[in-house]
Amino acid sequence: QVQLVESGGGLVQAGGSLRLSCSASGRAFNSYAVGWFRQAPGKERAFVAGITWDGVGTYYADSVKGRFTISRDNPKNTVYLQMNSLKPEDTAVYYCARRSRRGSYSLPIDYDYWGQGTQVTVSS
């Protein structure tokens, strides 16, 4: 069993920054790729960023490229999402998830364990 817990969300003004953390417990987290997704009210869950198990490869949605950075610290079983230059349209609940099978990083169906989410609100 794997448990993922997100933290670091909050209220920030447009142009500000936040760093989200995804802490994992359980077996073999460090052997898996991880993704961050977000879901705004009334919208589907959308891919934000992904990272390979070793941190070498990173992937981003076009809407966050150049503003967000995903990283991981495997000895700490933690994945981070550094979010800079935040915009009101970044407002959403942010989730981290463990990628369980190969394929596109952007499909939620390719992930098996999910955290409970952390709210990010960006005011204009």
Side-chain angles (χ1 to χ4, degrees):
Q1 189 73 9
V2 175
Q3 290 186 326
L4 305 179
V5 178
E6 302 94 339
S7 61
L11 174 64
V12 64
Q13 289 187 335
S17 298
L18 285 173
R19 188 176 82 156
L20 305 184
S21 298
C22 172
S23 299
S25 61
R27 299 176 60 183
F29 178 74
N30 295 340
S31 301
Y32 289 81
V34 173
W36 283 97
F37 288 75
R38 65 188 181 186
Q39 189 165 19
K43 295 188 176 181
E44 294 186 352
R45 193 165 295 189
F47 172 74
V48 175
I51 189 166
T52 55
W53 71 271
D54 55 1
V56 172
T58 57
Y59 309 90
Y60 298 94
D62 288 343
S63 58
V64 306
K65 278 181 184 176
R67 301 188 297 121
F68 291 11
T69 303
I70 189 172
S71 62
R72 68 190 300 163
D73 186 340
N74 280 348
K76 294 185 178 180
N77 272 7
T78 302
V79 174
Y80 303 99
L81 185 67
Q82 178 67 44
M83 307 187 295
N84 299 329
S85 302
L86 283 162
K87 305 175 181 180
E89 52 263 43
D90 295 317
T91 295
V93 177
Y94 284 71
Y95 300 89
C96 65
R98 190 184 79 166
R99 186 164 173 256
S100 59
R101 60 187 191 185
R102 297 187 180 189
S104 170
Y105 270 78
S106 64
L107 296 178
I109 197 172
D110 289 331
Y111 295 79
D112 55 359
Y113 290 99
W114 293 79
Q116 83 291 346
T118 185
Q119 176 71 47
V120 171
T121 302
V122 184
S123 62
S124 57

Which pair of non-hydrogen atoms, one from [X] and one from [Y], has the smallest distance, and what is that distance?
{"X": "Val93", "Y": "Gly117", "answer": "CG1-CA, 3.8 Å"}
{"X": "Ala24", "Y": "Leu4", "answer": "CB-CD2, 3.5 Å"}
{"X": "Tyr105", "Y": "Ala33", "answer": "OH-CB, 3.4 Å"}
{"X": "Ser124", "Y": "Pro88", "answer": "CB-CG, 3.8 Å"}

_Arg98/Asp112 salt bridge by N-O under 4.0 Å criterion_ = yes
*So, are Asp90 and Arg67 salt-bridged, with charged N and O less than 4.0 Å apart?*
yes
With side chains defined as the heavy atoms from C-beta onward, is the minimum distance between [X] and [Y] less than 4.5 Å?
{"X": "Ile109", "Y": "Arg101", "value": "yes"}
{"X": "Glu6", "Y": "Tyr94", "value": "no"}
{"X": "Trp36", "Y": "Leu20", "value": "yes"}
{"X": "Val64", "Y": "Arg38", "value": "yes"}
{"X": "Gln116", "Y": "Val5", "value": "yes"}
{"X": "Tyr60", "Y": "Lys65", "value": "yes"}
{"X": "Gln82", "Y": "Ser17", "value": "yes"}
{"X": "Phe29", "Y": "Arg72", "value": "yes"}

Transitive ILVMFWY side-chain link [X] to [Y], under 4.5 Å:
{"X": "Val120", "Y": "Val79", "value": "yes"}
{"X": "Val34", "Y": "Tyr111", "value": "no"}
{"X": "Ile51", "Y": "Val2", "value": "yes"}
{"X": "Leu81", "Y": "Tyr113", "value": "yes"}

Backbone N/O of [Y] and side chain of [X]: donor-acceptor pair under 3.5 Å:
{"X": "Thr121", "Y": "Leu11", "result": "no"}
{"X": "Thr91", "Y": "Val122", "result": "yes"}
{"X": "Ser100", "Y": "Asp110", "result": "yes"}
{"X": "Asn84", "Y": "Gly66", "result": "no"}

Nearest 0.5 Å, what's the [atom1]-[atom2] distance between [X] and [Y]?
{"X": "Ser123", "Y": "Leu86", "atom1": "OG", "atom2": "CG", "answer": "10.0 Å"}
{"X": "Gln1", "Y": "Ser25", "atom1": "CD", "atom2": "OG", "answer": "8.5 Å"}
{"X": "Gln3", "Y": "Ser23", "atom1": "CD", "atom2": "OG", "answer": "12.0 Å"}

*Please say whether the positively charged group of Arg19, taken as NZ for Lys or CZ for Arg, lies over the ring of Tyr80, i.e. under 6.0 angstrom from the six-membered ring centre and within 45 degrees of the axis.*
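Positive - Arg19 is close enough to the ring of Tyr80 and near enough to its axis.
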*Does the ring of Trp114 carry Arg45 above it, NZ/CZ under 6.0 angstrom from centre and within 45° of its axis?*
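Positive - Arg45 is close enough to the ring of Trp114 and near enough to its axis.
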*Start with the C-alpha gap between Tyr32 and Arg99, add the side-chain angles, then the distance that decides, and say whether side chain to side chain contact (heavy atoms under 4.5 Å, CB included) holds.*
CA-CA 6 Å; Tyr32 289 81; Arg99 186 164 173 256; 5.8 Å; no
*Between Thr78 and Asp73, does a side chain to side chain donor-acceptor pair (under 3.5 Å) hold up when you go through it step by step?*
CA-CA 5 Å; Thr78 302; Asp73 186 340; over 6 Å; no
*Begin with the C-alpha distance, continue with both residues' side-chain angles, and end with the deciding distance and a verdict on side chain to side chain contact (heavy atoms under 4.5 Å, CB included) for Asn30 and Asn77.*
CA-CA 7 Å; Asn30 295 340; Asn77 272 7; 2.9 Å; yes
*With a 6.0 Å cut-off on ring centres, are Tyr95 and Phe37 close enough?*
no
